[in-house]
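What follows is one structure encoded as structure tokens, with my remarks underneath.
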Amino acid sequence: MPWSACFMAERTRGGSGRIGGGRGQERPGAATAAADRSAWDMAPGLDVGSGTRDGGLLNSYEAEPDRVAVIGSGNWGSVAARLAATNARRLPYFQDEVRVWVYEEKLSNGELLSDVINKTQENVKYLPNVKLGPNVVADPNLETAVKNATMLVFVMPHQFIEGICQKLKGKIRPDAKAISLIKGMEMGDDGPRLISREISEQLGIDCSVLMGANIANEIAVEQFSEATVGYRDDKETADKWVQVFGTPYFQVTHVQDVEGVELCGTLKNIVAIAAGLVDGLGMGNNTKAAIMRIGLKEMILFSKLLFPSVQDATFFESCGIADLITTCLGGRNRKVADAFSKHGGKRSFDELEVELLNGQKLQGVLTAKEVFGLLKAKDWEESFPLFSTVHAIATRHLPPSAIVEYSERAPRKIVGTPELHL
């Protein structure tokens, strides 16, 4: 049995979620396409065509096919739209058309970005040379983009979510379901607010999350990747989200742990800043591995202090250790922090973001600021030396070299610290 078949069988027999269903479409030039499809079809207990055991998911769609809308059209948003559009074309319980809300921009040639996407099927600014699919429709009008949608995919920089939700109030179906691909958190007067909770409370709808080791450009060219859907109570909707995104090359599972999945995706960006600083200092793999280990430990502690329900096992899903590794090796936060460190901290993160990211937004620095505000308010700074140091470096209170400075003083243990069972 090929490795891909073994993987598929293992995912289907047990574990925390189900694979995305159905037969994979032909992937031109992909040598393993046939093997992947074979593995897909032979997964035990899987009803091909429905993607779930006994065809139950298909039955739930008989009344009305779901309509998917994607709110956001950056690099990751474009890839999410491509995945959803692929599955909408091939599965009977989704309407074919996938609308994508595009923040309108005028390109250097004078054309509007939405017009170019609809004409070429490519997001030429944020995901060039990748066809999104003939059933993707770019729409610069937020209200019409989400009209009649039953499944809403939120994917944009987290600092814009409050404004978007305000505009969507009264404009969406009351039975709509949402999923957040947004990695970040808001700080309110009552403490930290996860983006999924913000969406749920503002719009009055259920909101799951999808996080994982997901560098968008790699998924766009159909390199094997994984992701994790976190849900609260509605397992049937979680199964639907697996169907929206899952393909033979993009394996999606689900766990009943929204807070754990979302905090993994949020906090790893702070650790990625630290990893980039290490790279910019010219340090080697030993140092980077140490930074990642310390960062993971702080991620787990922070998550469980805020939400005791967070499951230890979540950190071993794609949203946890896998996402941490890939972001520290190749994400945008690592890239900009590397440049910041090489310039000795003399050029700001804001300046480098504009220069290096082609309009994309950096999340790690803002998240570090928000997390540090909470650490300071609760007198937890000494218990989170890596998180605290990243913020101090990003705000130029410490030099980049401080990320590897050794302290004789051990982190202070917080009273009531949860036990970790890893």
Side-chain angles (χ1 to χ4, degrees), residues 64-85 87-88 94-107 111-127 132-186 193-210 216 237 240-241 244-245 358-361 363 366:
E64 177 188 6
D66 278 300
R67 176 181 288 275
V68 180
V70 180
I71 304 168
S73 59
N75 184 239
W76 185 212
S78 297
V79 173
R82 184 176 188 269
L83 291 166
N87 288 327
F94 296 119
Q95 296 187 32
D96 284 351
E97 183 181 88
V98 173
R99 285 195 167 263
V100 180
W101 175 68
V102 175
Y103 179 78
E104 194 66 282
E105 300 180 57
K106 183 173 286 188
L107 303 175
E111 292 186 276
L112 297 177
L113 178 58
S114 62
D115 289 341
V116 174
I117 292 174
N118 288 331
K119 181 170 62 178
T120 66
Q121 298 178 27
E122 291 182 23
N123 187 331
V124 294
K125 180 169 184 179
Y126 297 111
L127 192 68
L132 301 182
N135 55 328
V136 171
V137 177
D139 191 339
N141 184 303
L142 181 61
E143 184 174 346
T144 58
V146 303
K147 186 177 181 180
N148 295 324
T150 55
M151 305 191 79
L152 302 172
V153 180
F154 288 83
V155 50
M156 67 194 73
H158 77 273
Q159 55 265 42
F160 302 129
I161 192 63
E162 183 176 2
I164 292 295
C165 285
Q166 289 291 333
K167 293 178 181 178
L168 287 175
K169 286 183 177 179
K171 304 296 193 302
I172 63 172
R173 290 176 51 141
D175 61 343
K177 306 293 184 181
I179 194 166
S180 171
L181 280 60
I182 301 169
K183 299 178 177 180
M185 61 192 297
E186 298 283 349
R193 294 175 60 83
L194 297 180
I195 300 303
S196 64
R197 180 65 68 182
E198 185 84 11
I199 294 170
S200 290
E201 292 184 356
Q202 287 214 37
L203 300 180
I205 60 176
D206 177 75
C207 186
S208 304
V209 297
L210 182 142
T237 297
K240 291 182 181 181
W241 286 121
V244 170
F245 297 109
N358 189 35
Q360 297 181 70
K361 293 298 181 182
Q363 297 297 306
L366 182 55

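Using a 4.5 Å cut-off on side-chain heavy atoms (C-beta onward), L168 and I71 make contact. Using a 4.5 Å cut-off on side-chain heavy atoms (C-beta onward), E198 and H158 make no contact. Counting heavy atoms from C-beta outward, N358 and N75 have side chains that stay 4.5 Å or more apart. Contact of the S208 side chain with the L210 side chain is not registered, since no non-hydrogen atoms from C-beta on lie closer than 4.5 Å. Contact check for L113 versus L107: side-chain heavy atoms found under the 4.5 Å cut-off. Residues P140 and L112 fail the side-chain proximity criterion, which asks for heavy atoms closer than 4.5 Å.
In terms of modelled atom types and a separation under 3.5 Å, the side chain of N135 and the main chain of A85 share a donor-acceptor contact. Put simply, the side chain of D206 never gets that close to the backbone of K177: no donor and acceptor are under 3.5 Å apart. In this structure a side-chain-to-backbone donor-acceptor pair under 3.5 Å is missing from N118 to V137.
A distance of 8.5 Å separates CZ in R193 from CD in E162, rounded to the nearest 0.5 Å. Between Q159 atom CD and I164 atom CD1 the span is 11.5 Å, to the nearest 0.5 Å. Taken to the nearest 0.5 Å, the CG atom of L127 stands 6.5 Å off from the CG atom of L132. Taking CE of M185 as the reference point, atom CD of Q363 lies at 12.5 Å (rounded to 0.5 Å). Considering NZ of K125 and OG of S73, their distance stands at 10.0 Å, rounded to 0.5 Å. Separating the CD1 atom in I161 from the CD1 atom in I195 is a distance of 6.5 Å, to the nearest 0.5 Å.
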Show every donor-acceptor pair shorter than 3.5 Å between a side-chain atom in residues 145-157 and any protein atom, with sequence neighbours excluded, or say none if there are none.
from	atom 1	to	atom 2	distance (Å)
T150	OG1	D66	OD1	2.5
T150	OG1	R67	N	3.0
T150	OG1	R67	O	3.4

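Considering all non-hydrogen atoms of both residues, A88 and Q95 come closest at CB-O, 3.4 Å. Smallest separation of non-hydrogen atoms from A138 and V102: CB-CG2, 3.6 Å. Taking all atoms of both residues into account, the shortest heavy-atom contact from A216 to V79 is O-CG2, 3.4 Å. Closest approach of R173 and I205 over heavy atoms only: O-CG2, 4.4 Å. The two atoms that bring S196 and C207 nearest to each other are O-CB, 3.6 Å, heavy atoms only. Of all the heavy atoms in V68 and A84, the pair that sits closest is CG1-CB, 4.1 Å.
Qualifying side-chain hydrogen bond (donor to acceptor under 3.5 Å, both in side chains) partners for E143, counting only residues two or more places apart in sequence or in other chains: none.
Each of V100, D139, V124, N123 was scored for a side-chain contact (heavy atoms from CB on, under 4.5 Å) with I117, with one residue passing: N123.
The number of heavy-atom neighbours closer than 6.0 Å to NZ of K169, taken from other residues, nucleotides and ligands shown, is above 12.
Using bins of under 30°, 30° to 60° and over 60° for the plane-to-plane angle, the ring pair W101/Y103 lands in the perpendicular bin.
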